[in-house]
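Data first, discussion second: the structure below is written as structure tokens.
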Amino acid sequence: TLEIQGRTLSFATAGKGGDGRMALERMWSGVAALIRNCPTLTTIHLSTNRSVLTNEIWDAIRRNTNTRALQLSNIKIDWRQAIDFWRVCTALERLEMDTCFFEIPIDFRDSLSELSDTFPRIRELKFNDLRIHPHYQYELITRCPELRSLSWRGKRARPFPMQELHVSIS
């Protein structure tokens with residue numbers, strides 16, 4: 001489903017990779033074109049069934065200078081899109097992630113350090129069942145100097161990085 005209300009774009013698909021990969025790529029290409037051609041969008045909500053977004057999507061979001069909020073649901077971010085994803089985060093004020101899956105290599109921390117010291121605009125983070133190592137969650141949280149609101153919900157297998165956060169605040 002595709003919905004535009006005011007300055008908000010919502011797009012949801014039940015599609016998953018595999019046999020329909022070319023169809024998904026065409027679909028994401030169309031969504032990227034829509035984002036590029038609607039420069040007044042301030043909020044983008046993308047929801048899939050564990051699909052990997054294309055680099056074209058990340059580039060379109062990054063180039064849309066009015067985008068302040070990004071909501072991702074059931075998105076899979078692998079190491080090829082990780083840097084593009086973090087670049088998008090540098091312009092956001094609000095980031096919401098619900099049941100997102102990350103496949104990031106061990107040495108990703110070095111890549112993140114080279115990209116940006118902070119995410120200077122993020123004021124609000126909402127994580128719900130984020131499938132990423134707590135260390136990377138901690139990295140994101142501590143790189144948000146303007147953070148005013150944090151909502152974190154998870155399962156026991158992925159605990160909140162309380163120990164790391166406590167040490168950095170002390």
Side-chain angles (χ1 to χ4, degrees), residues 1-105 108 111-112 115-116 118-133 136-137 139-141 143-144 149-154 158:
T1 59
L2 175 66
E3 182 179 334
I4 297 178
Q5 285 189 329
R7 294 179 179 214
T8 300
L9 167 76
S10 295
F11 181 77
T13 178
K16 192 173 177 179
D19 296 336
R21 184 173 179 195
M22 292 301 285
L24 272 175
E25 287 180 11
R26 283 192 305 272
M27 176 193 61
W28 287 126
S29 183
V31 172
L34 184 62
I35 292 169
R36 282 192 303 272
N37 291 312
C38 294
T40 59
L41 291 174
T42 58
T43 301
I44 297 174
H45 177 212
L46 301 174
S47 179
T48 72
N49 187 11
R50 290 180 145 189
S51 290
V52 174
L53 299 181
T54 62
N55 290 333
E56 185 179 11
I57 286 282
W58 294 119
D59 187 58
I61 296 170
R62 186 174 52 82
R63 291 176 186 268
N64 186 328
T65 58
N66 288 314
T67 301
R68 296 291 174 250
L70 181 62
Q71 298 168 277
L72 302 174
S73 300
N74 291 308
I75 301 289
K76 181 177 169 186
I77 298 172
D78 70 12
W79 63 272
R80 293 170 295 209
Q81 287 83 30
I83 296 297
D84 292 328
F85 167 72
W86 294 122
R87 282 189 180 125
V88 164
C89 289
T90 62
L92 298 176
E93 293 175 9
R94 188 176 83 227
L95 175 62
E96 297 181 30
M97 302 182 80
D98 182 17
T99 317
C100 290
F101 305 83
F102 285 78
E103 293 179 357
I104 298 176
F108 178 71
S111 299
L112 182 58
L115 174 64
S116 174
T118 64
F119 301 108
R121 295 185 178 121
I122 291 183
R123 294 177 174 269
E124 182 180 353
L125 286 174
K126 289 186 179 182
F127 296 152
N128 182 34
D129 195 22
L130 193 59
R131 310 281 174 95
I132 185 174
H133 191 278
Y136 295 118
Q137 295 177 45
E139 284 287 322
L140 178 58
I141 292 167
R143 290 171 183 262
C144 300
S149 174
L150 173 64
S151 173
W152 189 97
R153 294 183 180 142
R158 288 172 271 308

Could you tell me which non-hydrogen atom of Leu130 sits nearest to which non-hydrogen atom of Met97, and how far apart they are? CD1-CB, 3.8 Å
Please examine the side chains of Asn66 and Leu41, heavy atoms only from C-beta on, and report whether any two atoms are closer than 4.5 Å. no
Taken in chain and number order and not counting sequence neighbours, the residues that satisfy salt bridge (charged side-chain N to carboxylate O under 4.0 Å, His left out) with Arg36 are Glu56
Give the minimum heavy-atom separation between Asp98 and Asn128, together with the two atoms involved. OD1-ND2, 2.7 Å
How long is the span from the CD1 atom in Ile75 to the CG atom in Asn49, to the nearest 0.5 Å? 10.0 Å
Do you know the tightest heavy-atom contact between Pro39 and Asn64? O-OD1, 3.2 Å
Rounded to the nearest 0.5 Å, what separates atom OG in Ser149 from atom CD in Glu124? 4.5 Å
Side chains of Trp58 and Leu53: closer than 4.5 Å at any heavy-atom pair? yes
Looking at residues at least two apart in the chain, or sitting in another chain, which of them share a salt bridge (charged side-chain N to carboxylate O under 4.0 Å, His left out) with Asp84? Arg87
Min side-chain heavy-atom separation Leu95-Cys89 under 4.5 Å: yes
Does Arg62, at its CZ atom, have more than 12 non-hydrogen atoms belonging to other residues, nucleotides or ligands within less than 6.0 Å? yes
Measure across Arg68 and Ala91 and return the closest heavy-atom pair with its distance rounded to 0.1 Å. NH1-O, 3.5 Å
Under the side chain to side chain contact (heavy atoms under 4.5 Å, CB included) criterion, do Ile57 and Leu46 qualify, and how do the steps go? CA-CA 10 Å; Ile57 286 282; Leu46 301 174; 4.0 Å; yes
Drop me the distance from Arg7's CZ to Cys38's SG, to the nearest 0.5 angstrom. 11.5 Å
CD1-CG distance between Ile83 and Asn55, expressed to the nearest 0.5 angstrom: 11.5 Å
Evaluate the side-chain proximity of Ile141 to Leu125: yes if any heavy-atom separation is below 4.5 Å, no if none is. yes
Separation between CD1 (Ile44) and CD1 (Ile35), nearest 0.5 Å, reads 4.0 Å
Going by the rule side chain to side chain donor-acceptor pair (under 3.5 Å), which residues pair with Thr42 if we only count those two or more places apart in sequence or in a different chain? none
Nearest heavy atoms of Ala60 and Ala32, plus distance in Å: CB-O, 3.6 Å
According to side chain to side chain donor-acceptor pair (under 3.5 Å), who are the partners of Gln71, at least two apart in sequence or on a separate chain? Glu96
For Thr99, give me all partners under side chain to side chain donor-acceptor pair (under 3.5 Å), at least two apart in sequence or on another chain. none
Can you confirm whether Trp28 sits close enough to Thr48 that some side-chain heavy atom of one is under 4.5 Å from a side-chain heavy atom of the other? yes
Check salt bridge (charged side-chain N to carboxylate O under 4.0 Å, His left out) between Arg63 and all other residues, then give those that pass, not counting sequence neighbours. Asp59
With the side chain counted from C-beta on, respond yes when Gln81 and Trp86 share a heavy-atom pair under 4.5 Å apart, and no when they do not. no
Answer yes or no: is there a side-chain heavy-atom contact under 4.5 Å between Thr67 and Leu92? yes
Rounded to the nearest 0.5 Å, how far does CZ of Phe119 lie from OG1 of Thr90? 7.5 Å
Where Thr43 and Arg94 come nearest, the two heavy atoms and their spacing: CG2-NH2, 3.9 Å
Quick one, His45 and Ser73 - any side-chain contact, counting heavy atoms below 4.5 Å? yes
Please collect all salt bridge (charged side-chain N to carboxylate O under 4.0 Å, His left out) contacts where either partner lies in residues 38-48, sequence neighbours excluded, each pair once. none
